[in-house]
Structure formats: C-alpha cells, structure tokens
There are 2 protein chains.
Amino acid sequence: MSEDRVDSGRAGANLGAVRSHNSALVLDLLRRAGTEGVSRLELAERTGLTPQAVSKITGRLREAGLAAEAGRRASTGGKPRTVLRLVPEAGHAVGVQLDRDALRVVLVRLDGAVVGERCGELDLGAGAEAVLGVVVEAVTGLVRSCLGPFGELAEVGSLLGVGVALPGPLDHVRGVLHRVTGFPEWDGFPLRDALRGRLGVPVVVDKDTNAAAVGLAVGGAGGSFAYLHLGTGLGAGLVIGGRVHRGARTGAGEFGHQVVQLDGPRCECGDRGCLEALCLAAVARGEVEAAARVLGVGAGNLVGLLDIDRVLLGGRTVLADPGPFVRGVAAQLAARARREGLREGIAVEVVRQGERVVARGAAEMVLGAGVFARGEA
Amino acid sequence: MSEDRVDSGRAGANLGAVRSHNSALVLDLLRRAGTEGVSRLELAERTGLTPQAVSKITGRLREAGLAAEAGRRASTGGKPRTVLRLVPEAGHAVGVQLDRDALRVVLVRLDGAVVGERCGELDLGAGAEAVLGVVVEAVTGLVRSCLGPFGELAEVGSLLGVGVALPGPLDHVRGVLHRVTGFPEWDGFPLRDALRGRLGVPVVVDKDTNAAAVGLAVGGAGGSFAYLHLGTGLGAGLVIGGRVHRGARTGAGEFGHQVVQLDGPRCECGDRGCLEALCLAAVARGEVEAAARVLGVGAGNLVGLLDIDRVLLGGRTVLADPGPFVRGVAAQLAARARREGLREGIAVEVVRQGERVVARGAAEMVLGAGVFARGEA
DNA sequence: CCACTTTCGCAACGCTGTTGCCAAAGTGCA
DNA sequence: TGCACTTTGGCAACAGCGTTGCGAAAGTGG
C-alpha cells in the first residue's frame, strides 16, 4: 500500500526509502494484528529483518505514539515476548460514500474499527454546491460528535484526512470526475480540490469499487482478488499483488461492460451484449439464478485472465439476497477449474462488512496513504 | 524485472536490497539505451539518484565488465558528458521456443541483439527423451558455432542461462508443465530441472505468451500492455506496471477462453462461446475480418478491465496477414474509447520481431533475472 | 589567455540495518 | 531455595548505502 516510494515507476532507492518501506511494512503488520498484537520477533520473521532492526523501527513508532507495548505472551522456556499493539486512537480517517441517491459517512480509527457513522439521502443531481454542502455538513458533524469540540476540522490532530468514493469513471491521481452517468453537470468537476478547500484536511477520491478493494486488501497478505460490486451498475475493484490496480488512466475495473454476448441486446453504454445489461435485466425479471450465472461467466473470464486468488461479492443487489449469487458464481468458477484440471475453483465470498464496505474502504485509502507521513516525523 | 528483492511479497529492505535495486535499475536503463549509450547525469535524472550515486554504481558495473565508457557527447558549454554503454558481449542467453511442430533457438547478447539462430521441426509427441535430446543438441550446437569451442556448456563464461517458452499452462516458479494440449505424456513433466540437469546451466521455463511479454517489456518504460498471440491457440501475456503478471498459480493470460457468446458453439475446452473457438473458426473459414472483429471484442474486454496502455499482436496467424487484424482490433478499441468519452483508442501494433518474439523473450527472461546475479559479485 | 560552465571523482558524512555482546526475565530441575 | 538454562531485547560498534561539500578536469566563448 504505502511502499510506493521504493518502487513506483522506476525510481532509485535511498536510505529514506528503505526506512519508509520498512516502517510501513511493520505498521501494516501491526494493523493486521489488531487487538491481539504482535511480538517483535514475529515481526522480524515476517519481514525478514533482524530482530534488532525491528526493535529500532518499533522504537520509532512508539516514540511517534503509533504503537505501544501491551502485555506479554506466555513464556516458552525463556523471557516471554513483549506484545506490541497499534494505538488505535492515534489516527482517524473519514470515509464518504456518495451514491446516486444516498450518502454514507464513517469515521474509522487507525486499526480500521468504525467509531461513528452517518447515513442519509442525497440527490446527486442537485448540483455541486448543494452536494458539497451536505458532505461537509455530514463530515464535520460526525467528527464533532465523535472527537469532541473544535473550530476547524484541521484542528483535530488525529484526523489524517477524508476519503471519498463514488461510482463512475474518474481521475484518481488528480481527483477529478470524468462523468457520473445520468448527471452531466459533474463532468470534469475537481471534487478533490473542492472538498479539500472546504474541509481543510487532505482528501482522496476514487471509484467506489476501488475504495472497497482497498479496504478489503488490508489483511490480504499481498494476494490478488477481485471485488465485484453489483448495485445500480456493475463494476470491479482489482487487487493485484496486494495493491489496487487502477490502470493507465485510472479507468481499470470496467467489468460490467465486457461483452459476453456478441450481437446481444443493446446496453445503455452503446455496445451490445454487455455483462451489466444482461445481468441487471435478469435481476429486473426476478431471475436471480440467471443473473448469478451470467455474473459467474464474467467472473470466470476475469479469473482466467488474471488467475486471482478469490472473488468477493458486494453491492446492494447482491447483499439483498447473497445466496444465489455466491452459489451461481462459485459454480461457474468450479466448472472452469475442472476444465483446467484443477481440483477446486477459487473461493467466492460475500463481503463481510456489507453495505459499509465502500465507505470503510474510502477511509482506508487515507490510512494507507497518510499514516506513514506522520510516522516519519 | 529484477527488483524483486526489494518488494517481493512483503519483505523488508536492507542495504543489500537497495544496492541490488539501484544497480538493476541502472543496468536496465543501460540496456534500453542500446548502442547510443547514456551519460551519468541522464541516469541520475531518470533514477532520481544523485550523480555521485550513479558514478559509484556505474563504477561497480564497469569493474564487473558489464559497462564501459564509449565516447562523449557534444559539449553544451562545459565539460562534455561521458557516454556509458553496456558491454554487449559480457553476457549471453539462449532462448528456446517449443511449439507443437517446430523448434526455434536464438542466442542473444546482453543488449538483446540476436547473434545466432536455429530453426527446425519438432514432434512434441515423440516423448520427453527425444524432445530433450533435440533441444540439447540445438542449444549446444548453436552456442558452439557462435561462441567457439568448449567442453561443457557451463564453461562458456558469458552464458547466463537458457530460457524455454512453450504453449499451455505450466508452473513458472517450479518449471513444471501442467499439460500440453494434445500431448498428455507431458503432464507434470519437470522440464526445468530435466533441462538444467542435461545442460548444466540455469534454465527458466514459461508460457510462450509470457516470454514474448517479457521480451516486449524491455524498453517499455514501466507501462502496461497486453501481447495477444494468435497461432494454433489464442493466449495473452500481460505486463502490468512493467512486470509480467502471472497470477496466483502462474496461470494468468487465459485470454482465448473468455466467453463472448453465451450458449455459443462448444469449444474444445468444454465451455461454450470461447473467444478462441470463434476466432479460429472464422480464420478457418477464411473470414479474417470477422476473426479480427471477434478478437477486437476480446481485446476491448481486456482493455476495459485493466486500462492498459497498448495492445500488441503476434503469432503465426496474425503475422501471415497483419493488416486486417490490426485494423479490426483498433476499430473495436476506438469504438469503446468513444463510448467512454475519450478522444482516441489505445494503440494497436504488430510485434516488430515477428516470429522471433517468443524465442527472444525466452532469452530475455534469463537476462532480466540473471544479469544482476553477476553484477553483484 | 582568461572567465565561465559543466562534468565527475575524492573524502567526509549521516543514516540504514547488522553483528557481537550482555542484562533481564522467565522455566525447570536439584 | 538456588542454580543452570533458554529466550528476549537493548546497547555499542560496525559495514555499507546514497548524500553532501569541494575541487580537479575539460570543454566553450569572449
């Protein structure tokens, strides 16, 4: 997540990069360990660093207030290991999910736990000014109710930033929307800078599917998976090698507009036989099993192309009745695996966080990127 | 390519890793510079390292015999820049392409230039012993004719290893074949170890499409692209962020068996409506334009999913008559781009090296992995 | 011929993780 | 209760990375 300094593009590595890389690594392991904590020696084993190096790194993290000692393990015949734990209150992030008709805002701690939430209605068509007002109102209100009184949001020391997730293609790097289907007034709107200006804290913007993928990747042990989101549309967030794949123009994940039926029915995108059109039409007809089968075909195409570890399902339509979707997709993947001579298909699951997965992931984008900027101090 | 030490999995970085990383980086830039060479300051700019660091690194490379000074640039008002160039003869690698009915062996230098080639017929069904014999014979014969007399292959100091590329699913990490369609006797054959035993030099094994992708990625500036190979089958090699994506079980790139026609005609894989079946059927009927259109649909699905930079076409069928394929695929991608509101589709090209692309890429796999092992000494 | 620009190496430096060593804190047996 | 042993983890010295400061080398241009 945060080791971009070492290998982004083809950049040279210096000692600062090594420190960033290793500190981020340790911090990530600490986050995964959660309440249980990890010992220094375990960290050394998992990172491949020497115990002494881990001691130095964790020492820096403790000094920065990000980690703390928390009890000790049972002895195995010698001095018991000291358990290190993340200090969850040392950092917070806000995650915002904007949908066509709804708004969800969560406040999460450094350890990923949700400590506050607000949901409400939203009319994306009401114009940028109105929508921004609602978002600013919801974010400041939520933070105020959870983290006490303050004047400006920037005064909340532990607040690392705000992550915003919304549907439709956008430029993740610059935080500019390309277009939001059905709402042409958002075309080219610089959402990140606008929000950053009104909130006064760092803002990150990404597609909803990518945000969810970021959230689900925490604890994913560097694996690869796809998050398939079936709601008002159908998209995918791809995690490859523990990192979200956004592509050259941050447009990756157009899963719903893959063609699975040459010369099939017209899709609103203008093409024919798109997966999204077929799948949603089946849902509309009440034929969930057929929808699941079509979704499974698309998932199979994706799995064949990328050979990922597992498939996660989410989004309003799936969550309303998960069983048939999981079974349908799993069946398709199992059949594909059999044809390839493998024993079993790859795992298919429904996301555990349910409706929250996107908002939580949006917050996680901030934690993944921002925690370490403080740890460096 | 070779910076795995720094970020493979989630490994900690130490000083050795930094040196490896940076040396590999510089070496890679030197290889791309080719005959023209690069100056130290250019290397510094591109890596982000200080000129002094580059001087130290190139000093080590020169001492190892991998690089040398080669003239100077025109002065711009001060001391002219000294040009550094790779010493092409410092390293060689053999690339082997095994196809169902043909064998191609190339010997390439460190700079990627092909200095020797052998082609011949092959019967993959003749059994492992016979095929291995033919390969060993061809490899030693070629190296002997190019690099002078020797007893064992391992005595050729500049020979870094042999890369082998062949169709069908296999385990790249362990060098074991899964199965070669139509030749069940190869199921589970440990090709890498068998060849390594008989040749006495390091051997790397990979799918033909991945090998081609490796070769094409050299000089690719860290971008992402897909190599689509249409020959007796249809597969893809994916390069994401300058690195070949092989997936969890090194099975990525199953491009030909994506379903694009629900309930379409049966494919020999057992599924229905596979791209490969439809595309090859059209070719068999002589309808090249239709084949290209179908291929373009598949390419569009891939581009939408991964948002890559460009698409490269190769393989016997494409090379026999490239025009219609390039036009057909480009048309599909342009249409997709228009639907997404982009000005133009992504670039579609035929691979320049033609029939050699796979064998060259196989050799490149060795250079990418092996050069640096020597540079460290 | 001299001033200026630009390249590039030497030496000292700061910082990284590593190594060698020892104190601390347990277990387990006599 | 005491002693031997195991295991953890900090202190200090170290090797090696890229960086900084500075000066020599090698050109151009007036």
Between the base of C:dC10 and the side chain of B:Q52, is there any donor-acceptor pair under 3.5 Å? yes

Calculate the interatomic distance between [X] atom [atom1] and [N] atom [atom2]; express it in whole Å.
{"X": "A:N22", "N": "C:dC15", "atom1": "CG", "atom2": "C1'", "result": "13 Å"}
{"X": "A:K56", "N": "C:dT19", "atom1": "NZ", "atom2": "C1'", "result": "11 Å"}
{"X": "B:H21", "N": "C:dT16", "atom1": "NE2", "atom2": "P", "result": "18 Å"}
{"X": "A:R72", "N": "C:dA25", "atom1": "CZ", "atom2": "P", "result": "7 Å"}
{"X": "B:I57", "N": "C:dG9", "atom1": "CD1", "atom2": "C1'", "result": "15 Å"}
{"X": "B:L15", "N": "C:dC15", "atom1": "CG", "atom2": "P", "result": "14 Å"}

Please step through side-chain contact (heavy atoms from CB on, under 4.5 Å) for the pair A:V26 and A:L30, ending with a clear verdict. CA-CA 6 Å; A:V26 169; A:L30 279 169; 4.2 Å; yes

Going 5' to 3' along DNA chain D, which nucleotides are the first and last within contact of chain B (any atom under 4.0 Å from a heavy atom)? D:dG16 to D:dT28

Answer yes or no: is there a side-chain heavy-atom contact under 4.5 Å between [X] and [Y]?
{"X": "A:H172", "Y": "A:N210", "result": "no"}
{"X": "B:L160", "Y": "B:L110", "result": "yes"}
{"X": "A:R246", "Y": "A:D206", "result": "yes"}

State which of C:dT27, C:dT16, C:dC8 makes the closest approach to the side chain of A:S75. C:dT27

Per A:P80 side chain, nearest of listed nucleotides C:dA25, C:dT16, C:dT6: C:dA25

Salt bridge or not for A:R73 and A:E36, using N-O below 4.0 Å? no

Counting only side-chain N and O atoms of B:S55, is one of them less than 4.0 Å from OP1 or OP2 of C:dC8? no

Using a cut-off of strictly less than 4.0 Å, decide whether B:N14 has a side-chain nitrogen or oxygen near OP1 or OP2 of C:dT18. yes

Quick check against the 3.5 Å criterion: does A:R192 have a side-chain atom that pairs as donor or acceptor with the backbone of A:V164? no

Judged by each residue's nearest nucleotide on DNA chain C, which is more toward the 5′ side, A:T76 or B:R81? B:R81

Sorted by position of nearest nucleotide on DNA chain D, 5' first, the leading residue of A:T58 and A:K79 is A:K79

Would you mind classifying the nucleic acid contact of A:T82 as base, sugar-phosphate or nothing, using non-hydrogen atoms under 4.0 angstrom? sugar-phosphate

What's the shortest heavy-atom distance between A:V83 and A:G37, and which atoms? CG1-CA, 3.7 Å

